[in-house]
Amino acid sequence: MTEGNIRQIQLNEYQRAAVLDDSPACVVNANVGSGKTTVLIEKILYLHLERHVPLEQMIVLTFTNKAADEITERLLRREPGIRPEQVEGFGTFHSVALRLLKNRLPVENAGWTKEFTVMDPDEETDLALDIIAGQGLKVKYKNRLKKRMEQEYQAYLSGKTESRYKDDLFRLYPLLLEEKKRQNKMSFADLLRVASELLSDGKTEEEHREASPESGKSWRPAWIIVDEVQDSDSLQLEFLAALRDFGRTETPGKGGREKPGGENAPENHTFSGVKLFAVGDPNQVIYSWRGTGENMFFRLKHRFAARELSLPVNYRSDVSILEAANRFMQFGEKIRGSRQETGRIVVKNHYDPFQEAEYLADRIRSLHEDGEAYSGIAVFYRLQRQAEVLTKVFERQGIPFELSVKRTLKDIPVLEWLLKVLRFSVNSADIQSAVNVLTDPRYGGKCTKKKALEIVRGDGRNKGKDSRETEKGGRKESGPEKLFRRMREFPEYFAGRTESPSAEELFAYFGLREALHPASEGYAGDEHAVMDFLKKMCGVCSGGGAAEAGGNEARQTQYAEQKDFAERIREFVNSSALYGMKTDAGEKAADGEDMLPPGRGSDTADRVKLMTLHASKGLEFNVVFMIGVNQGLIPLRCRSFEQEEEERRLFFVGITRAKRTLELSWYTNPGEPGAFGEPGRYLQMIPQHLMEREDIRSHEERHGNLRRMRREVQEQIRKKRDGENIGDAGAERKGTDTGQAADERKKVIHVRHKKYGNGVLISEDEMNVEVEFPGYGRKKFLKAFSEVEWI
DNA sequence: GAGCTGTTCTTTTTT
DNA sequence: AGAACAGCTC
């Protein structure tokens, strides 16, 4: 039976070993394209169907929402009968931690109440700035505070006493924490940290249940399953450890807990602990600059004394691509291929990004004419800004493309403001949001900070009583005061209502017409965006049949329980902080039409994908163009050995996205600061026999139009430059030229610079070039940055 | 707070 | 290299 099931889905021997493994802890070192997610899904199904481990007793953790969605989707495809409440333990680290804190853990013991909300990182940064100002702390690089707070948090937690900049940052952390407790909200990091702390506070599950009676039935996991472990950080590792060890303080001889589900009791009762199964690829660590220290894959293996298995067989790419990729592997066995086809690896040299974009447009068009779908083609680059030339040229040439940049609620100011209105409405301790709502320069009361604080504090003094009286007689209530009162009374006003009010009712309740300033220029658009948002929100938060609003049914049905409206809004606000409300609608969507979780359709559109190398992780394409493989760009100029290693893994990730065709290119004239006009070192690391090299000369001879194009571009540049320095150039150039020729009669090297025009090379070493320009004199350039071009 | 000198970073991005 | 900031002086 077991064998039969496994064969049915055609696992190879390695995959099967991973699925069947029953060690207390196991890490699977999964090569690129080796069916990592398939193994994960089959493992879950195997445990569920064959070993009778209830899904409710599995915690399945991913790093991103995208991965979480993929797992639930694939699981549902295999087993359509699975109900959302069975997969409550499935999700990102943060969303699972949030669920535990809300439903299972005595969060009161840590200083919050069950009604806490989740902060987004910008909100936390703003709060930190308030505290710095209020307490007179000395903190450096305030404009980079968000980055600093995240990067140095690990160091702070690990007990270091002072920040690397020797400022008050480490004094800020505890003050910030106190303020967050006061305002009853948690940052992303808090979710993991507090959950871990509460899980390992030495109390048993029963004691937790007593402290928090609503926690309901037993939820202690039998299995913890983790995807992409290599991407996790120290906090996540601690969370895993805390989850696994939770409740271990129970006396072993106690005869075990009652097993929910009687005959469905797991077979593994001989082993008292929780089992851990994690998959990942140490060769694909590309986010360590975010503060992940050592390679987490091995740290996890060591920490849990895990058995290591591997998945060496790649099912994605043709042999030549894999042979090249093997040169960039840093850990583990070589990738083994599964196909016979020899794909193409082409290396091209282009004059500059513009010329290349023109070439790519032509090339992509002809690929499409030969039957390749646009969606099977991708262009990868190192820096976001490199996409600009591509989008311009592709637009003009009519190549359908999709730029992978995520839009969030924050891109629409009125919705960002509205979310703060909701935040305070469902969490009356959240003073920060209330003040922000009242002081926004565009919406609401447009109060000064002082005035806003008065309103917010004033309310605290005369709780309830006063405000209601003002409504009837006495002093007339001001706009901001009314808005504030409406927010504060929100939970009370909607108390006991389980059905969602209509968007119109909410709009009227908050007095949004007035708050959005109907006389303002953008009012119509703002109102539209707000109504659209409220409609979608009410749809998600309504009592029954919640799953309409598109995307993420499993996530949304959690609102279907009997909870009152305010509580559902709180959940909505929290999940929007964690899950984001991205639109993946690329170019347009300014009208808010595409707000809220991705609708179907845009994924399936036949368009070429343009993205950074980082964004390409986890994806695959028939044809991959990796552009700008220049020294100093790919790899990017590195300061440390670790950084260099990571650039190499990034290149590895990029080339292994290609199934059949991989084309790498470098520019003679990269036009990016820091990039040299020479091929990136990685091109030399690929075995020569795998590559078809085409340099610019042979290429241009075959395509006269590109040659013409290039000449046109150069012409444009020259004209522009000549227009800038009329007069002096001509007369002086001659004199300097002859003088120079006398000094170095053997060879005069002419160069050209964007700003200074033509000049003569004086000297050159590894790092610098010195050039004499007529009319400007001698200039020195660092090779890494100069835009000097040899002519 | 203008003006100086010295220092640090420049990129990638998820929750 | 050049931007952006920190910290100093007057």
Side-chain angles (χ1 to χ4, degrees), chain A residues 61-69 91-98 118-124 138-151 153 164-167 186-193 195 227-228 230-233 235-236 239 284-292 380-387 404-406 408 574-582 611-618 628 630 632-640 643-644 646-651 653-654 672-675 753-755 767-769 779-788:
Chain A
L61 299 166
T62 60
F63 193 58
T64 64
N65 287 303
K66 199 174 150 195
D69 292 344
T92 62
F93 278 88
H94 292 87
S95 67
V96 170
L98 173 65
V118 179
M119 299 174 93
D120 84 32
D122 288 325
E123 206 183 329
E124 191 183 22
K138 192 185 90 209
V139 174
K140 291 178 181 178
Y141 299 107
K142 287 205 206 61
N143 61 330
R144 270 171 262 163
L145 186 63
K146 189 174 159 191
K147 211 172 177 182
R148 279 198 65 196
M149 288 207 306
E150 201 189 323
Q151 284 182 345
Y153 191 60
R164 51 179 288 219
Y165 295 103
K166 300 197 190 327
D167 61 6
M186 288 196 206
S187 68
F188 290 162
D190 292 333
L191 294 173
L192 293 176
R193 209 201 66 251
D227 190 21
E228 304 266 27
Q230 80 282 356
D231 280 333
S232 52
D233 60 22
L235 276 178
Q236 288 162 333
F239 182 63
Q284 292 190 69
V285 175
I286 57 172
Y287 289 117
S288 61
W289 47 270
R290 286 195 308 231
T292 321
F380 301 158
Y381 36 83
R382 182 62 180 79
L383 309 177
Q384 291 285 7
R385 61 170 179 263
Q386 289 175 266
S404 107
V405 280
K406 67 252 155 269
T408 61
N574 283 342
S575 88
S576 81
L578 270 186
Y579 186 63
M581 269 183 279
K582 305 166 175 77
M611 65 186 84
T612 61
L613 282 170
H614 285 87
S616 76
K617 195 176 161 195
N630 278 65
L633 193 53
I634 300 176
L636 199 69
R637 189 186 126 279
C638 293
R639 229 170 312 131
S640 65
Q643 248 182 351
E644 156 70 44
E646 182 141 318
E647 290 291 309
R648 192 170 132 189
R649 292 191 292 267
L650 192 57
F651 184 77
V653 167
E672 281 293 338
H753 186 271
K754 239 185 190 168
K755 190 171 157 198
M767 293 296 288
N768 303 291
V769 279
K779 300 275 176 195
K780 253 190 178 174
F781 301 97
L782 205 58
K783 268 188 178 173
F785 297 104
S786 81
E787 271 146 285
V788 175

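We name chains A, B, ... by the order of the sequence lines, and we start the count at 1 in each one.
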Counting the atoms with a prime plus P, OP1 and OP2 as sugar-phosphate, which does [X] contact under 4.0 Å by heavy atoms, base, sugar-phosphate, or nothing?
X	answer
A/R164	sugar-phosphate
A/Q643	base
A/Y381	nothing
A/N143	sugar-phosphate
A/L383	sugar-phosphate

Could you give the [atom1]-to-[atom2] distance, from [X] to [N], as a whole number of Å?
X	N	atom1	atom2	value
A/K140	B/dC9	NZ	P	11 Å
A/D167	B/dT7	CG	P	17 Å
A/L636	B/dT13	CG	P	12 Å
A/E672	C/dG2	CD	C1'	15 Å
A/Y141	C/dC5	OH	P	10 Å
A/R148	C/dA6	CZ	P	10 Å
A/Q284	B/dT12	CD	C1'	16 Å
A/K138	C/dC5	NZ	C1'	15 Å

Give the C-alpha distance, both sets of side-chain angles, the deciding distance and a yes or no for ring pair (Phe, Tyr, Trp, His ring centres under 6.0 Å) between A/Y165 and A/Y141.
-> CA-CA 9 Å; A/Y165 295 103; A/Y141 299 107; 5.2 Å; yes
Consider the side chain of [X], meaning its heavy atoms from C-beta on, and name the nucleotide among [options] that approaches it most closely.
X	options	result
A/T612	B/dT11, C/dG7, B/dT13	B/dT13
A/E150	B/dT14, B/dT10, B/dT11	B/dT14
A/T64	B/dT11, B/dC9, B/dT15	B/dT15
A/Q384	B/dT10, B/dT13, B/dT14	B/dT13

If the C1' atom of B/dT13 is compared with that of C/dG2, how far apart are they to the nearest Å?
->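 The same atom, C1', in both gives a distance of 25 Å.
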Does any donor-acceptor pair link the side chain of A/E647 with the base of B/dT12 at a separation under 3.5 Å?
->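 Not at all, since no donor on one side and acceptor on the other fall under 3.5 Å apart.
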Do the side chain of A/R637 and the base of B/dT11 come within less than 3.5 angstrom through a donor-acceptor pair of N or O atoms?
->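 Not at all, since no donor on one side and acceptor on the other fall under 3.5 Å apart.
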Under 4.0 Å from OP1 or OP2 of [N]: is there any side-chain N or O of [X] that close?
X	N	answer
A/K66	B/dT13	no
A/Y153	B/dT15	no
A/R144	C/dA3	no
A/K147	B/dC9	no

Is the closest side-chain donor-acceptor distance between A/R148 and A/Y153 under 3.5 Å?
->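 Per modelled atom types, A/R148 and A/Y153 side chains form no pair under 3.5 Å.
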Taking side chain as C-beta onward, heavy atoms only, is A/L98 less than 4.5 Å from A/N574?
->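 The answer is yes; the side chains approach within 4.5 Å.
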Go through A/K142 and A/D167 one step at a time and tell me if the salt bridge (charged side-chain N to carboxylate O under 4.0 Å, His left out) criterion holds.
-> CA-CA 11 Å; A/K142 287 205 206 61; A/D167 61 6; over 6 Å; no
Please figure out whether A/R385 or A/F63 has its closest DNA chain B nucleotide nearer the 5' end.
->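 This one resolves to A/R385.
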Comparing A/H94 and A/E646 on DNA chain B - which has the more 5′ nearest nucleotide |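 The residue closer to the strand's 5' end, by nearest nucleotide, is A/E646.
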Taking NZ, NE, NH1 and NH2 as the nitrogens, is one of them in A/E124 or A/K146 under 4.0 Å from a carboxylate oxygen of the other?
->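 Here A/E124 does not pair with A/K146 in a salt bridge, since their nearest N and O are not under 4.0 Å apart.
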Sub-3.5 Å donor-acceptor pair from the side chain of A/E228 to the main-chain atoms of A/T62, do we have one?
->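 No: the side chain of A/E228 does not pair with the backbone of A/T62.
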